[in-house]
Amino acid sequence: MSITTQPPGWFRAPEGAERVWIGVAFLWCMVMTVAMPYWHFYGKQNATGDSYRVTPIEFRDRVDRFIETYKIGEDKGVPLVAPPPGGDAYLQAQMWKWTPVLQLKKGQTYRLHISSMDLQHGFSLQPVNMNFQVLPGYDHILTLTPTSSGEFSIVCNEFCGIGHHLMTGRILVTE
Ligand SMILES: [Cu+2]
């Protein structure tokens, strides 16, 4: 079939159920248009937007220094680190692990620096379901204040290769 012009008068204005559904879809678009910027300013789980350029090697040096200074033990072969309350904490993503395991204090605010050593990973904190992209070359800073104590898991929610499903980490929050 070749491309032809529609015959004159082909257009009929939507009516009945079609009209209702167009209305519903349009209203929902409006709700989302308002809700997204609203949530950006009033939501309590938004990233600060702070991020700085950093090379993977520089970031690894900072993580190593951080671990050396504040290490309090080991958790299944991964260093367990308790950063000073109110201070900086570091988390390194790489195929296929999160380093170190952090031990934070409930109610204290930390500046959590996250970066990747290789490719894009996804930081997904469970069960609270907070999600952030982690990119190599950027030090992403999240201002984090744990509001409940317990054990939280970090899963990678950005497919990063054959070991992606094994890429889990932990954050412990104490009273
Ligand atoms: Cu990953």
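For ligands, and for the atoms within them, numbers begin at 1 and follow the listed sequence. Worth saying up front: this structure is predicted, and the values here are computed from it rather than measured. Each residue takes its place number in the sequence, starting with 1.
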Applying side-chain contact (heavy atoms from CB on, under 4.5 Å), name anything that partners His164, two or more places apart in sequence or on another chain.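 Expected list: Cys156, Phe159, Cys160.
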Taking atom types as modelled, is there a side-chain donor on Ser153 or Glu151 under 3.5 Å from an acceptor on the other?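 Not at all, the side chains of Ser153 and Glu151 share no donor-acceptor pair under 3.5 Å.
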State whether the side chain of His140 and the backbone N or O of Leu135 hold a donor-acceptor pair below 3.5 Å, judged by distance alone.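 Indeed, once roles are kept as given, a pair shorter than 3.5 Å links the two residues.
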Donor-acceptor check, side chain of Tyr110 to backbone of Lys105, threshold 3.5 angstrom: yes or no?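 Indeed, once roles are kept as given, a pair shorter than 3.5 Å links the two residues.
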Under 4.5 Å between side-chain heavy atoms, counting indirect links through other Ile/Leu/Val/Met/Phe/Trp/Tyr residues: same cluster for Leu142 and Val173 or not?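 In one cluster: yes.
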Could you grab the protein N, O or S atoms closer than 2.8 Å to the Cu ion (ligand 1) for me?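 Hits for the Cu ion (ligand 1) below 2.8 Å: His121 ND1, Cys156 SG, Cys160 SG, Met167 SD.
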Charged N-O contact under 4.0 Å between Asp88 and Arg62: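 Judged by the 4.0 Å cut-off on N to carboxylate O distance, Asp88 and Arg62 do not form a salt bridge.
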